[in-house]
Amino acid sequence: MNFRLERRRGLLLVVSAPSGGGKSSVLKLLRERDPALGYSVSYTSRAPRPGDVDGKTYHFVSRERFGEMIDAGAFYEHAEVHGNLYGTSAEVVEQALGQGRGIALDIDVQGGLAIKKRLPEALLVFLLPPSMATLEKRLRGRATDQEEAVRIRMENARQEMAHWSQYDYVVVNDDLEGAISDISQILTAESRRAARLTLVD
Ligand code: ADP
Ligand code: 5GP
């Protein structure tokens with residue numbers, strides 16, 4: 001019996017949560033532990049913030065250029081978030097995965113589902129807050145938000161959480177260390193599975 005080991009594609013991990021669910025915190029820690037996951041495939045029209053590096057956190061482009069890229073079909077998905085445009089580049093994703101690089105995206109719930117539709121291999125992880133009370137506390141704790149903004153975000157969160165069952169995995173973000181360790185285990189199990197799948201006759 002002959003087996004050939006094909007070049008392994010990288011894993012595309014998509015972490016989604018309602019606003020305040022902890023996706024930025026989780027992704028930041030995951031990338032610190034595995035810098036290979038930091039490869040940026042996202043474009044945005046928002047202005048860079050201090051510490052942002054072009055091509056590392058995002059590729060920064062003008063609104064006009066972003067519009068041209070949408071017209072050219074450059075994105076797996078794109079969305080407007082708080083007046084800024086964000087999009088996941090199909091070409092950069094393909095390039096990175098083809099080279100065997102891993103990608104971790106922190107993306108909203110609809111964005112995650114849109115990617116999965118076009119790229120079924122994407123590994124979708126839904127971060128669930130342990131309770132709505134905790135989520136509300138986190139939203140209040142980090143924001144200079146007014147009452148109305150928190151109310152709108154809580155309403156959005158309720159709607160977004162209706163989609164958790166369409167995700168491949170659900171991780172309860174109770175304590176951050178626990179969530180990171182759950183996701184690391186998922187990544188290990190999935191990369192073993194992917195390795196088995198690449199053994200061909
Ligand atoms: P998101 O990116 O999903 O909007 P963030 O990562 O910005 O969420 O988290 C929102 C707030 O909740 C931040 O202040 C963050 O420090 C806090 N937070 C996130 N996860 C936890 C956790 N497990 N325990 C305590 N605080 C958390
Ligand atoms: P930030 O500007 O803080 O990095 O991101 C702001 C928001 O945009 C976050 O809620 C994040 O989930 C969302 N976001 C970041 N990148 C993308 C992307 O490529 N696609 C979509 N749909 N949302 C994104």
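These numbers come from a predicted model, not from an experiment. In listed order, ligands and their atoms are each counted from 1. In this chain, numbering begins with 1 at the start of the sequence shown.
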Visitor: With atom 20 (N) of ligand 1 as the reference point, say which of Ile180, Leu135, Asn173 has the nearest heavy atom.
Guide: Asn173
Visitor: For atom 3 (O) of ligand 1, state which one of Lys23, Lys28, Arg138, Arg140 supplies the nearest heavy atom.
Guide: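 The nearest heavy atom belongs to Lys23.
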Visitor: Can you confirm, on distance only, whether ligand 1 has an N/O atom lying under 3.5 Å from any N/O atom belonging to Ser24?
Guide: yes
Visitor: Quick one: does any side-chain atom of Arg31 pair with a main-chain N or O of Ala104 as donor and acceptor, under 3.5 Å?
Guide: yes
Visitor: Would you kindly say whether Tyr169 and Gln185 are connected by a side-chain donor-acceptor distance under 3.5 Å?
Guide: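 There is no such pair (donor and acceptor under 3.5 Å, judged by atom type) between the side chains of Tyr169 and Gln185.
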Visitor: Which atoms from ligand 1 have a heavy atom of Ser19 less than 4.0 Å away?
Guide: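 Those of ligand 1 that fall under 4.0 Å from Ser19 are 4 (O).
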Visitor: Arg49: heavy atom below 4.0 Å from ligand 2, yes or no?
Guide: yes
Visitor: Could a heavy atom of Tyr58 be found less than 4.0 Å from some atom of ligand 2?
Guide: yes
Visitor: With a 6.0 Å cut-off on ring centres, are Tyr58 and Tyr86 close enough?
Guide: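 That pair passes the under 6.0 Å test.
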Visitor: Distance to the ring centre below 6.0 angstrom and angle to the axis at most 45 degrees; does that hold for Arg101 and Tyr39?
Guide: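 Yes.
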Visitor: Starting from atom 22 (N) of ligand 2, which protein heavy atom do you reach first, and at what distance in Å?
Guide: Glu77 OE1, 2.7 Å
Visitor: Identify the two heavy atoms, one from Val109 and one from His163, that lie closest to each other, and give their separation to 0.1 Å.
Guide: CG1-CB, 3.9 Å
Visitor: May I have the step-by-step check of side-chain contact (heavy atoms from CB on, under 4.5 Å) for Ile103 and Leu97, ending in yes or no?
Guide: CA-CA 8 Å; Ile103 300 171; Leu97 295 180; 3.9 Å; yes
Visitor: For Ala79, counting its heavy atoms only, list the atoms of ligand 2 lying under 4.0 Å from any of them.
Guide: 22 (N)
Visitor: Only heavy atoms of Asp175, strictly under 4.0 Å: list the atoms of ligand 1 that pass.
Guide: 23 (N)
Visitor: Hey, which atoms in ligand 1 end up nearer than 4.0 Å to a heavy atom of Asp174?
Guide: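 Checking each atom against Asp174, I get 22 (C), 23 (N), 24 (N).
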Visitor: Look at ligand 2 and say whether Lys23 reaches it with a heavy atom at a distance under 4.0 Å.
Guide: yes
Visitor: Would Phe66 and Phe75 count as a close aromatic pair, with their ring centres under 6.0 Å?
Guide: yes
Visitor: Please identify which atoms of ligand 1 are closer than 4.0 Å to at least one heavy atom of Leu176.
Guide: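 Counting atoms of ligand 1 from 1, those under 4.0 Å from Leu176 are 20 (N), 23 (N).
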Visitor: Check this for me - ligand 1, Val26, N or O atoms closer than 3.5 angstrom, yes or no?
Guide: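 There is no such contact.
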Visitor: Side chains of Arg46 and His82: closer than 4.5 Å at any heavy-atom pair?
Guide: no
Visitor: Which one of Gly178, Ser25, Ala17, Pro129 has a non-hydrogen atom at the shortest distance from atom 15 (C) of ligand 1?
Guide: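 Result: the heavy atom closest to atom 15 (C) of ligand 1 is in Ser25.
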Visitor: Could you tell me whether Asp108 and ligand 2 have an N or O pair separated by under 3.5 Å?
Guide: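 Asp108 vs ligand 2: N/O contact under 3.5 Å present.
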Visitor: Among all protein heavy atoms, pick the one closest to atom 17 (C) of ligand 2 and tell me residue, atom and distance.
Guide: Tyr86 CB, 3.5 Å
Visitor: Quick one: does any side-chain atom of His59 pair with a main-chain N or O of Asp54 as donor and acceptor, under 3.5 Å?
Guide: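 It does not hold such a pair.
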Visitor: In the protein, what heavy atom is nearest to atom 7 (C) of ligand 2, and what distance, to one decimal place, separates them?
Guide: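 Heavy-atom neighbour on the protein nearest atom 7 (C) of ligand 2: Val81 CG1, 3.6 Å.
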Visitor: Using a strict 4.0 Å threshold on nitrogen-to-oxygen distance, state whether Arg9 and Glu94 make a salt bridge.
Guide: yes
Visitor: Taking 4.0 Å as the limit for heavy-atom contacts, which would you say applies to His82 with ligand 2: side chain only, backbone only, both, or neither?
Guide: neither
Visitor: Return yes if some donor-acceptor pair links the side-chain N/O of Thr134 with the main-chain N/O of Pro130 below 3.5 Å, else return no.
Guide: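 Looks like no, no N/O pair under 3.5 Å.
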Visitor: Do Thr88 side-chain atoms and Ser42 backbone N/O form a donor-acceptor pair below 3.5 Å?
Guide: no
Visitor: Under a 4.0 angstrom heavy-atom cut-off, which atoms of ligand 2 come close to Ser42?
Guide: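 Once the distances to Ser42 are compared, the set is 19 (O).
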Visitor: Find the distance between CG (Asp34) and CG (Leu37) and round it off to the nearest 0.5 Å.
Guide: 4.0 Å
Visitor: Out of all atoms in ligand 1, which are within 4.0 Å of some heavy atom of Pro18? Include the element for each.
Guide: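 Ligand 1 atoms under the 4.0 Å threshold to Pro18: 3 (O).
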Visitor: Among Val109, Thr44, Asp106, Leu85, which residue places a heavy atom closest to atom 12 (O) of ligand 2?
Guide: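 Residue with the shortest heavy-atom distance to the ligand atom: Asp106.
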Visitor: Is it true that Ser184 and Ser181 share a donor-acceptor pair across their side chains at a distance under 3.5 Å?
Guide: no
Visitor: Would you confirm whether any non-hydrogen atom of the protein falls under 4.0 Å from atom 9 (C) of ligand 2?
Guide: no
Visitor: Heavy-atom contacts with Thr88 under 4.0 Å: which atoms of ligand 2 show up? List them by number with element.
Guide: 19 (O)
Visitor: Check each atom of ligand 1 against the heavy atoms of Gly21 and keep those under 4.0 Å away; list them by number with element.
Guide: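 Atoms satisfying the 4.0 Å criterion: 3 (O), 8 (O).
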